[in-house]
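The figures here come from the full heavy-atom set of this structure, side chains too, leaving out hydrogens, waters and symmetry mates. What you see is a predicted model, and the numbers here were worked out from it, not measured in a lab.
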Amino acid sequence: MTISRHTHHRRRPLAVLSLLLAVVAMVLGPVPSSSAADPGWWNPVARPAPDSEINVTGEPFKGTDSQGRVRGFVDAHDHLMSNEGFGGRLICGKPFSEQGVADALKDCPEHYPDGTLAIFDFITKGGDGKHDPDGWPTFKDWPAHDSLTHQQNYYAWVERAWRGGQRVLVNDLVTNGVICSVYFFKDRGCDEMTAIRLEAQKTYDMQAYIDKMYGGPGKGWFRIVTDSAQARDVVKQGKLAVVLGVETSEPFGCKQILDIAQCSKEDIDRGLDELHRLGVRSMFLCHKFDNALCGVRFDQGALGTAINVGQFLSTGTFWQTEKCKGPQHDNPIGLAAAPEAQKQLPAGVAVPSYAADAQCNTRGLTDLGEYAVRGMMKRKMMLEIDHMGVKAAGRAFDILESESYPGVISSHSWMDLDWTERVYRLGGFVAQYMGGSEAFSAEAKRTDALREKYKVGYGYGTDMNGVGGWPGPRGADTPNPVRYPFRSTDGGSVIDKQTTGVRTWDLNTDGASHYGLVPDWIEDIRITGGQDVVDDLFRGAESYLTTWGSSEKHKAGVNLAAGAAASASSSEWNPFISYAPSRAVDGNTGTRWASDWSDDQWLQIDLGTPGLVKRVTLDWERAHGTSYRIELSGDGTNWQSAWSTTTGDGGLDTAQFAGTPARYVRVHGLQRGTQWGYSLHEVGVYSS
């Protein structure tokens with residue numbers, strides 16, 4: 001302060017001179033500056049008018065952190081184009097339109113004038129389905145957090161989420177042939193693969209639509225990517241990497257009728273090849289209805305009853321349950337009535353009741369399903385494990401673990417949560433369904449230690465346009481509301497309330513009504529759950545792309561046991577079939593080694609020369625070991641235990657341990673899981 005008083009008068013001439021120079025500059029004309037001429041790479045040169053507002057200011061962040069990692073949020077499960085599925089009239093409105101916002105955001109024709117014929121809205125929301133059908137510009141009744149039939153993914157709302165910090169979006173192409181066939185209104189056929197192709201094309205059309213706003217091909221912020229390196233480049237540019245996935249009930253026509261598959265291995269190969277050409281890199285093998293590939297994880301309550309009716313109409317069979325073999329279980333089906341759906345059943349046919357202690361789908365991963373899983377691995381695609389029943393998911397995990405394949409995704413909380421570590425151990429990625437901020441944060445904290453252990457980030461699955469329901473408002477009187485405007489997680493953008501037409505949304509009073517409110521919901525998570533939860537989410541882009549990249553780089557290991565010399569403590573005698581030890585290393589899963597019917601038995605494999613042993617796979621026949629260990633030796637005489645279990649349940653087991661040099665590998669059975677002996681179709685030994 002002392003210095004400023006003594007220098008005050010000395011600065012006045014300098015200030016006057018500066019002012020005069022400024023006046024002269026104004027008279028002569030301003031020198032163009034790059035900042036004045038350039039509105040910012042993130043702003044379009046020709047946005048449609050009128051259109052939705054974005055209500056975010058500031059440059060989107062680019063580049064990587066100090067350790068070279070990309071940053072940003074991941075939506076691992078969204079449905080940008082579901083309005084094109086289900087016959088074209090289940091989800092009303094479009095994510096973009098060349099005719100502008102008024103055409104994109106309008107209701108289905110049958111919803112006019114008051115929603116009386118909004119049958120699906122009535123089924124999903126209750127009440128009488130009546131609502132104001134007008135979208136633009138009033139939006140009186142939709143989009144809303146509890147309106148499941150109206151467009152939530154308008155491109156400008158997705159843009160707002162990107163501007164708020166999201167860097168990866170998985171667009172799951174979705175439809176359901178049975179729902180399409182029984183729904184009253186449609187303007188196209190119900191073939192699922194036809195709908196998937198159309199939705200893929202529409203996603204590319206949306207990219208071109210946005211590119212045009214920014215001056216031409218490749219210039220927009222919405223970038224469809226087909227490999228992880230491309231995705232990383234997009235994120236480093238500060239743009240949104242869009243990954244195509246598939247979530248449908250009968251992929252490749254693989255439905256089953258009365259338990260008879262309606263597709264073949266050739267159909268699966270053709271289907272996977274076509275999807276890969278379309279740009280699809282992740283997919284579900286079953287969804288809602290059992291199909292020729294796998295049994296599903298059930299839906300609950302009245303919705304579960306309605307879907308079970310659809311299951312019957314599609315397959316000729318209702319869901320069937322059994323007691324679960326392990327702690328994991330499917331959702332309880334429940335006995336709630338769904339009268340409108342049940343009317344679709346033939347006379348004399350009724351939805352069965354289910355035992356409360358039988359919560360697992362009897363249908364697991366079929367032989368065709370296993371073929372599809374391995375086909376996805378060959379094509380370096382990522383398997384979505386959600387919606388598989390635990391029996392099917394367990395077998396899928398077994399296959400992935402036997403190959404150390406990291407490409408497994410749980411994208412929206414439909415996997416048994418006890419399997420979270422199993423995903424992380426493989427190198428997979430987990431996202432949680434977009435629920436209320438408090439519940440979302442609580443679940444995130446429950447698994448925080450696992451993410452710390454495996455050094456991974458977290459994701460969310462909005463499932464918008466997926467008929468799921470979204471976070472409702474916490475209320476205007478909540479003591480800790482979202483306060484507008486607020487800063488984005490990276491600190492570089494300011495986010496205000498979102499306005500489209502004459503409607504302005506406030507998360508506190510409207511809930512998560514559309515995709516543009518994703519940044520507001522993340523701010524709500526910060527307020528209710530803390531910065532640590534948001535930080536884990538902000539590390540999501542790096543983790544998702546690491547899983548994808550590791551899948552692309554995966555190489556099938558060399559089986560050191562293939563054709564090796566094998567011996568055993570005993571072999572079951574049969575005059576017609578050989579159960580010799582060599583049958584477990586002959587590369588044929590149709591043969592097997594079988595021991596005598598007693599506990600203490602072993603199978604020994606001589607690899608020929610010493611090598612590093614790190615992983616052993618065991619494909620058990622029904623006669624499996626409950627308690628057994630993997631033993632290693634350099635000379636065939638002195639053995640050390642490398643791995644053991646007392647909870648073996650058969651199927652395909654994988655033992656992984658620290659790499660150890662050995663020439664001999666022994667599977668030593670200590671306790672049988674059945675009344676018979678030990679029986680192995682195939683044993684694999686790997687260095688990786």
Side-chain angles (χ1 to χ4, degrees), residues 293-298 320-331 355 357-367 369-370 373-374 383 385 388-405 408 410 415-426 428 572 584 589 592-603 615-631 641-657 665-686:
L293 306 177
C294 48
V296 294
R297 187 170 172 83
F298 307 129
Q320 298 178 46
T321 64
E322 64 185 14
K323 291 185 178 180
C324 303
K325 293 181 178 179
Q328 291 80 22
H329 59 82
D330 295 325
N331 295 321
D357 62 347
Q359 288 192 13
C360 279
N361 194 332
T362 59
R363 194 176 188 84
L365 192 67
T366 68
D367 289 343
E370 294 198 19
V373 170
R374 296 185 185 279
L383 175 67
I385 210 77
M388 276 188 178
V390 296
K391 191 173 181 179
R395 180 63 178 178
F397 273 122
D398 289 344
I399 295 170
L400 297 170
E401 288 163 348
S402 73
E403 300 283 351
S404 290
Y405 188 77
V408 58
S410 175
M415 173 191 73
D416 189 292
L417 296 178
D418 288 340
W419 271 337
T420 300
E421 185 165 16
R422 205 169 179 184
V423 174
Y424 286 149
R425 192 184 298 120
L426 274 166
E572 181 182 340
T589 56
R592 59 188 175 96
W593 163 71
S595 76
D596 287 346
W597 296 7
S598 59
D599 280 333
D600 193 8
Q601 303 286 340
W602 50 263
L603 172 74
R615 177 166 55 100
V616 176
T617 62
L618 303 103
D619 188 358
W620 294 99
E621 195 255 352
R622 185 179 177 188
H624 65 278
T626 298
S627 176
Y628 65 92
R629 59 178 178 249
I630 305 298
E631 300 170 337
S641 177
W643 184 92
S644 64
T645 183
T646 58
T647 58
D649 59 357
L652 184 58
D653 286 348
T654 299
Q656 289 186 290
F657 40 86
V665 177
R666 187 162 70 183
V667 182
H668 194 156
L670 305 175
Q671 183 177 348
R672 293 166 294 154
T674 68
Q675 68 193 61
W676 303 291
Y678 301 92
S679 186
L680 286 161
H681 285 291
E682 202 70 19
V683 176
V685 178
Y686 302 90

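Tyr405 contributes no side-chain N or O that, together with a main-chain N or O of Leu426, makes up a donor-acceptor pair within less than 3.5 Å. Listed for the Asp416 side chain is a donor-acceptor partner under 3.5 Å among the backbone atoms of Asp418. At distances below 3.5 Å, at least one donor-acceptor pair connects side-chain atoms of Tyr678 with backbone N or O atoms of Gln671. Proximity of a side-chain donor or acceptor of Lys391 to a complementary backbone N or O of Thr362 within less than 3.5 Å is detected. At distances below 3.5 Å, at least one donor-acceptor pair connects side-chain atoms of Thr654 with backbone N or O atoms of Ser402. Between the side chain of Arg422 and the main chain of Arg425, no donor-acceptor pair closer than 3.5 Å is present. Between the side chain of Thr617 and the main chain of Val683, no donor-acceptor pair closer than 3.5 Å is present.
Leu680 places a side-chain heavy atom less than 4.5 Å from the side chain of Trp620. At a threshold of 4.5 Å between non-hydrogen side-chain atoms, the residues Ile630 and Val667 count as touching. Side-chain atoms of Gln359 and Thr321, non-hydrogen and from C-beta on, never get closer than 4.5 Å to each other. Residues Met415 and Val423 are in side-chain contact: their nearest non-hydrogen atoms beyond the backbone lie under 4.5 Å apart. Counting heavy atoms from C-beta outward, Asp653 and Glu401 have side chains that stay 4.5 Å or more apart. Here the side chains of Glu370 and Leu652 are not in contact, with every heavy-atom distance at 4.5 Å or above.
Closest approach of Ile385 and Ser410 over heavy atoms only: CG2-CB, 4.2 Å. Annotation for Ala594 and Ser679: closest pair CB-OG, 3.9 Å, computed over non-hydrogen atoms. Closest of all the heavy-atom pairs between Gln328 and Cys324 is O-CB, 3.5 Å. Between Gly651 and Arg395, the shortest heavy-atom contact is C-NH1, 3.7 Å. Across all non-hydrogen atoms, the minimal contact from Trp602 to His668 is CB-CA, 4.1 Å. Considering all non-hydrogen atoms of both residues, Phe657 and Val616 come closest at CZ-CG2, 4.0 Å.
Arg629 contributes atom CZ, which lies 5.0 Å from atom CG of Leu670 (distance to the nearest 0.5 angstrom). Rounding to the nearest 0.5 Å places SG of Cys360 at 8.0 Å from NE2 of His329. Tyr686 OH to Ser404 OG: the interatomic distance, rounded to the nearest 0.5 Å, is 9.5 Å. The CG atom of Asp357 sits 4.5 Å away from the NZ atom of Lys323 when rounded to the nearest 0.5 Å. In this structure, CG in Asn331 is found 11.5 Å from CG in Asn361, a value given to the nearest 0.5 Å.
Looking at residues two or more places apart in sequence or on another chain, you find no salt bridge (charged side-chain N to carboxylate O under 4.0 Å, His left out) involving Glu572. Partners of Asp330 by salt bridge (charged side-chain N to carboxylate O under 4.0 Å, His left out), not counting sequence neighbours, listed by chain and number: Arg297.
The aromatic rings of Tyr628 and Trp643 are tilted relative to each other, their planes meeting at an angle between 30° and 60°.
Looking at Ile399, Leu293, Asp398 one by one, the single match for side-chain contact (heavy atoms from CB on, under 4.5 Å) with Leu365 turns out to be Ile399.
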